[in-house]
Each structure stands twice: as structure tokens, then as C-alpha cells.
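Shown next, in C-alpha cells, is the structure this report addresses.
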Amino acid sequence: MRILSIDYGKKRTGIAVTDPLQIIANGLATVSTFELFDFLKAYVARESVERIVIGKPMQPDGQPSENFQRVEEFVRRWQKSMSGIPIEYYDERFTSVMAHRAMIDAGVRKKARRENKGLVDEISATIILQGYLESRRQRHF
């Protein structure tokens, strides 16, 4: 079964998913946040998903960011409608910065980074998921 992750945004949401063995995180898509719920329902209907990890938007001082309330509303809606697939939070601080850095390191030009903001969201979701996988492995050793 796969693990799916979400970098929830006000307008766009990045999504990443593991392989079935839960070894590697890969970017899946960036979707309009308005369409997110339906996208995820369709995805879990055709793929086996063990759980969803959603970025917990926090400020550097540990306080919830302005997006936290929207994320909580989505989580409540998911739990009410799709309770068979648990959803859990993972600290997403600095993932957008790390995503930008990864794009720069990969040679993505400034113009392309500006024009394809959805790529940042998808990379951020991948970073969240990879961090979650690594933290889970460390707990098992």
C-alpha cells in the first residue's frame, strides 16, 4: 500500500506518493485546492493507500501559520467522509524553501520557477513525504 502526502495551499495543492513498498517518495500532481477532495477520492478508489500525510503549516517559532485553519478544515472533512484512510500531520516548516533550493540545484531557470509555481508545491509534498518516511524508519531502529 502507498502513502500519499499533501502540501495544502490556499489555491494549489501539491501531492506526492510512495511506491507500493513505501521506499521512495515521488511527486504525483499539483491540483487546484478546490478540486483536491475529488482528486484524492478518485485516486484512493484506484490505488491502495494506507494513509495520508498532510503538511502542518507552522511558523518558525512553532505557532500555527495562517493556513493551519484551512488545513484543519480539510482534515476534518476527510476524516468524516473517508475515515478508512487515516490522515496525519507532519511539520512542513521550510519545505517551500527546500523545494526552491532543489529546483535551483537541478538547474531550473528563474523564469521557469516563476511560471510553474505548481512544481514547487509538488516538490514540497515530496519533501514532506520523504521526511515522514525517514522519521518513521528512525523510530523503527
Side-chain angles (χ1 to χ4, degrees), residues 1-140:
M1 295 181 84
R2 298 175 188 273
I3 299 174
L4 192 136
S5 72
I6 300 170
D7 179 36
Y8 191 95
K10 188 175 180 179
K11 295 179 182 178
R12 289 176 318 276
T13 295
I15 303 168
V17 68
T18 65
D19 60 289
L21 296 176
Q22 300 179 3
I23 297 170
I24 297 178
N26 293 297
L28 178 64
T30 299
V31 298
S32 160
T33 299
F34 177 75
E35 299 168 345
L36 176 63
F37 199 85
D38 292 335
F39 177 91
L40 291 177
K41 279 179 64 175
Y43 186 82
V44 301
R46 68 179 184 273
E47 294 287 341
S48 295
V49 175
E50 174 185 305
R51 72 184 54 250
I52 295 175
V53 177
I54 191 166
K56 185 176 185 180
M58 305 295 284
Q59 296 177 14
D61 66 0
Q63 296 297 312
S65 74
E66 69 175 64
N67 198 36
F68 184 69
Q69 187 172 4
R70 286 186 287 272
V71 170
E72 280 189 311
E73 288 171 16
F74 175 82
V75 169
R76 280 193 297 273
R77 182 177 174 209
W78 182 264
Q79 289 171 330
K80 193 181 252 188
S81 177
M82 303 292 291
S83 61
I85 301 173
I87 188 166
E88 62 182 275
Y89 291 104
Y90 187 80
D91 188 344
E92 72 170 22
R93 279 181 277 188
F94 311 114
T95 55
S96 292
V97 173
M98 292 167 62
H100 278 285
R101 180 84 254 156
M103 290 173 72
I104 291 167
D105 291 349
V108 178
R109 299 200 184 282
K110 189 174 185 177
K111 183 178 179 186
R113 292 193 310 266
R114 266 196 318 261
E115 291 173 354
N116 192 356
K117 293 180 181 176
L119 183 57
V120 173
D121 300 322
E122 189 175 321
I123 293 171
S124 293
T126 306
I127 291 169
I128 290 167
L129 187 51
Q130 194 64 47
Y132 174 82
L133 292 172
E134 289 170 12
S135 71
R136 202 168 77 158
R137 285 184 198 114
Q138 289 174 354
R139 287 190 303 246
H140 288 82

Show the nearest heavy-atom pair for residues [X] and [Y], with the distance to one decimal.
| X | Y | answer |
| --- | --- | --- |
| I15 | E122 | O-CG, 3.8 Å |
| Y8 | N67 | O-ND2, 2.8 Å |
| I23 | L133 | O-CD1, 4.0 Å |
| I85 | I52 | CG2-CG1, 4.1 Å |
| N26 | T126 | C-OG1, 3.8 Å |
| A125 | S5 | O-OG, 2.7 Å |

How long is the span from the [atom1] atom in [X] to the [atom2] atom in [Y], to the nearest 0.5 Å?
| X | Y | atom1 | atom2 | result |
| --- | --- | --- | --- | --- |
| T30 | I123 | OG1 | CD1 | 9.0 Å |
| K56 | E88 | NZ | CD | 11.5 Å |
| I6 | Y89 | CD1 | OH | 10.5 Å |
| Q130 | I127 | CD | CD1 | 9.5 Å |
| L40 | L28 | CG | CG | 9.0 Å |

Going through the distances and angles, do T33 and K10 end up as a side chain to side chain contact (heavy atoms under 4.5 Å, CB included)? CA-CA 7 Å; T33 299; K10 188 175 180 179; over 6 Å; no

Describe, in one word, how the ring planes of F74 and F37 are oriented to each other, choosing from parallel (under 30°), tilted (30 to 60°) and perpendicular (over 60°).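 Rings of F74 and F37: perpendicular, over 60°.
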
Quick one: side-chain hydrogen bond (donor to acceptor under 3.5 Å, both in side chains) partners of R76, sequence neighbours excluded?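 Counting only residues at least two positions away or on another chain, R76 forms no side-chain hydrogen bond (donor to acceptor under 3.5 Å, both in side chains).
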
Under the rule for salt bridge (charged side-chain N to carboxylate O under 4.0 Å, His left out), what residues qualify as partners of E50, not counting sequence neighbours?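 Partners of E50 by the salt bridge (charged side-chain N to carboxylate O under 4.0 Å, His left out) criterion, ordered by chain and then number, come out as R136.
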
Is Y132 reaching over with its side chain to a backbone N or O of Y90, donor-acceptor style, under 3.5 angstrom?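 No, Y132 side chain to Y90 backbone: no donor-acceptor pair under 3.5 Å.
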
Just checking Q69: does its CD atom have more than 12 heavy atoms from other residues, nucleotides or ligands closer to it than 6.0 angstrom?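 For Q69, atom CD is not crowded (no more than 12 foreign heavy atoms under 6.0 Å).
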
side-chain contact (heavy atoms from CB on, under 4.5 Å) with I3: which of V49, D19, T18, V17?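 Option passing the side-chain contact (heavy atoms from CB on, under 4.5 Å) with I3: T18.
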
